Structure formats: structure tokens, C-alpha cells
Amino acid sequence: LEKIATSAEIPMVVCGDFNSVPGSAAHSLLASGRVPADHPELGIDPFGILQPSTKLSHPLPLVSAYTNLHKPCLDSEALERQRNRVDVIGEPIFTNCTKDFHGALDYVFYTEDTLAPLSLLELPSEKEVRAKYGGLPNTQWSSDHVCLMAEFQWGRAYWEHYHHNGLSKPKVAFTIHNMNYGQAKLSEAVHHSQMTTTVSPSYAGEVSGSQARLDQKLSPARRRSFGS
């Protein structure tokens with residue numbers, strides 16, 4: 001992962017069930033890039049494979065999507081509910097909730113220099129997941145782990161790369177060639193771009209009847225379609 005990230009400047013998302021709680025050596029390695037030499041888990045090393053602790057490090061600028069809940073881009077009506085469902089460092093209080101265990105094991109990490117979170121899936125409360133059968137899974141949640149989800153946009157370094165190469169005002173542009181992909185997919189592409197264009201000044205009318213109709217059909221909330 002280090003080689004890929006440094007050689008190609010590729011944005012990276014590292015997520016899954018890490019079977020490790022916040023504050024564990026594994027979580028510390030991912031979240032901060034290192035494991036402190038005095039971490040208690042390093043003392044349990046009968047085969048000596050964890051020493052020296054300096055080798056337990058990486059240079060990737062990984063941060064947890066859920067610990068960045070406080071950022072303005074994530075503000076919403078559900079923010080206060082979400083705050084009550086994360087711990088002191090911002091990770092979910094639990095992602096696994098059974099009769100025998102209650103805690104966070106799952107995470108969404110991303111490279112902070114190339115990506116920025118736009119939104120997070122709201123976490124359920126413990127009361128909600130224990131309402132049926134005392135925990136997970138149940139008839140409402142089919143897994144013993146809750147779902148984590150994050151939506152990202154390109155981060156600061158991605159745009160600075162374009163500036164370095166002489167593009168002072170880069171934008172993600174989506175050019176519509178035809179309507180064959182359907183309204184849903186085209187609307188999603190429009191949502192994730194900063195500018196929407198058609199292949200010619202007259203093409204907007206050709207594909208939808210009129211420029212105004214094209215704009216209304218694809219993105220009623222965002223008037224960003226242009227004829228050329």
C-alpha cells in the first residue's frame with residue numbers, strides 16, 4: 001500500500017473488520033502511523049516479532065472518517081445523535097453488539113491529503129439494536145456488525161497537484177454524450193462533478209428537448225448544465 005500510494009499519488013480507503021478495539025496496537029498503527037513503545041500489547045510478545053517497536057510504523061496519512069465527525073462538511077440534523085454514539089476520540093462506541101461483546105471493531109480510514117469526507121451513515125443506538133433479541137444479528141439488522149459508510153470528495157493535495165502543473169482553477173467536468181445510461185446514473189455523475197457540459201451548444205436540446213429541460217431532468221437542485 002505504501003508503494004502504491006507514494007508512487008502513483010492514489011487516494012486510498014482502508015476499511016473493514018479489523019477485530020481490534022480503539023486504543024489497541026492495531027488501531028494505533030492505522031490511526032496514527034505508529035505503535036508507542038510503551039503500548040501494553042507490545043509486552044505480550046513471546047516470539048519477539050514486535051521488536052523494535054519502531055518497525056511498527058507507516059508513512060500513510062490515514063485518518064478515521066468517523067473521528068472527523070466534527071468537521072463542517074458533516075454537519076446535519078443527525079449530528080447530535082451521532083455525537084452520542086461515538087467515543088471520546090470519535091470512533092463508534094460499538095460496531096459489534098452481541099450478548100457477549102459490545103465494542104468497535106470496524107473502521108473506515110482514508111488518506112487525509114487526497115480525500116475529504118462529505119457524509120457518514122448514521123450509527124444506530126445500543127437501545128435500537130438490543131430492542132430485538134438482545135443484540136445483533138436480528139430481524140432488522142442481518143449482521144452482527146453495524147454498517148459503516150462514508151462518502152468522499154477529492155482532498156486538498158489532489159487539487160494542488162493540478163495547480164503544480166499549471167492548472168490554476170481545476171474542475172471535475174462531466175460531458176453528456178447521450179442519455180443511454182439513464183436518468184439515475186447521469187444524475188449521480190452530475191452530483192459528483194463541479195461542471196456539466198454537453199458535446200455541443202445545440203446538443204442539450206437534441207437529447208432532452210431543451211437546455212432547461214436537461215438541467216431540470218438531471219439535477220433539479222443544482223443548475224450547472226452548459227451547452228459547450
Side-chain angles (χ1 to χ4, degrees), residues 1-71 73-74 82-126 128-130 135-137 141-153 155-157:
L1 293 180
E2 291 176 20
K3 291 180 180 178
I4 294 173
T6 56
S7 64
E9 298 182 355
I10 297 175
M12 186 178 299
V13 175
V14 182
C15 57
D17 176 5
F18 293 90
N19 211 34
S20 303
V21 297
S24 64
H27 181 269
S28 296
L29 179 61
L30 286 165
S32 63
R34 56 184 287 272
V35 180
D38 59 352
H39 195 286
E41 291 182 17
L42 297 185
I44 308 172
D45 185 20
F47 299 104
I49 60 175
L50 302 179
Q51 301 297 331
S53 62
T54 52
K55 73 178 181 180
L56 300 175
S57 64
H58 66 79
L60 299 176
L62 293 177
V63 295
S64 169
Y66 277 79
T67 62
N68 281 287
L69 176 67
H70 63 280
K71 293 191 174 181
C73 63
L74 299 177
Q82 192 86 329
R83 289 189 197 281
N84 294 327
R85 298 171 186 179
V86 297
D87 63 17
V88 292
I89 65 172
E91 295 290 10
I93 293 175
F94 69 91
T95 62
N96 179 241
C97 183
T98 67
K99 293 182 178 179
D100 302 317
F101 179 82
H102 174 266
L105 301 174
D106 308 78
Y107 309 95
V108 179
F109 295 100
Y110 66 96
T111 44
E112 188 176 30
D113 59 336
T114 54
L115 293 172
L118 281 173
S119 60
L120 298 174
L121 182 64
E122 183 178 347
L123 298 165
S125 68
E126 183 178 357
E128 289 171 333
V129 300
R130 290 200 185 278
L136 300 173
W141 286 281
S142 59
S143 173
D144 62 340
H145 291 250
V146 301
C147 181
L148 303 182
M149 185 183 298
E151 182 182 10
F152 297 96
Q153 66 179 0
R156 181 186 68 258

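Because the structure is predicted, anything quoted here is derived from the model rather than measured.
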Can you check side chain to side chain contact (heavy atoms under 4.5 Å, CB included) on L120 and Y66, steps first, answer last?
CA-CA 7 Å; L120 298 174; Y66 277 79; 3.9 Å; yes

Would you check if the side chain of [X] reaches a backbone N or O of [Y] as a donor-acceptor pair within less than 3.5 Å?
X	Y	answer
N19	L105	no
E128	S125	yes
S20	A26	no
T111	M12	yes

Where do L60 and V14 land on the side chain to side chain contact (heavy atoms under 4.5 Å, CB included) test, with the steps shown first?
CA-CA 11 Å; L60 299 176; V14 182; 5.8 Å; no

For the student: nearest non-hydrogen atoms of [X] and [Y], plus distance:
X	Y	answer
V35	A25	CG2-O, 3.5 Å
V21	H27	O-CB, 3.6 Å
K55	L50	CE-C, 4.0 Å
N84	I93	O-CD1, 3.5 Å
H58	L30	NE2-O, 3.7 Å
R85	P124	CD-O, 3.7 Å

Kindly compute the distance separating [atom1] ([X]) from [atom2] ([Y]), expressed to the nearest 0.5 Å.
X	Y	atom1	atom2	answer
Q153	T114	CD	OG1	12.0 Å
R130	C97	CZ	SG	3.5 Å
F94	L136	CZ	CG	7.0 Å
T67	Y107	OG1	OH	11.0 Å
S64	E112	OG	CD	11.0 Å
E151	L121	CD	CG	11.5 Å

Geometric class of the F109/F18 ring pair [parallel <30°, tilted 30-60°, perpendicular >60°]:
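Because their plane-to-plane angle is over 60°, the rings of F18 and F109 count as perpendicular.
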
Flag the pair P22 / D87 as yes when at least one side-chain heavy-atom distance between them is below 4.5 Å, and no otherwise.
yes

For S53 and H39: C-alpha separation, side-chain torsions, deciding distance, then whether side chain to side chain contact (heavy atoms under 4.5 Å, CB included) applies.
CA-CA 9 Å; S53 62; H39 195 286; over 6 Å; no

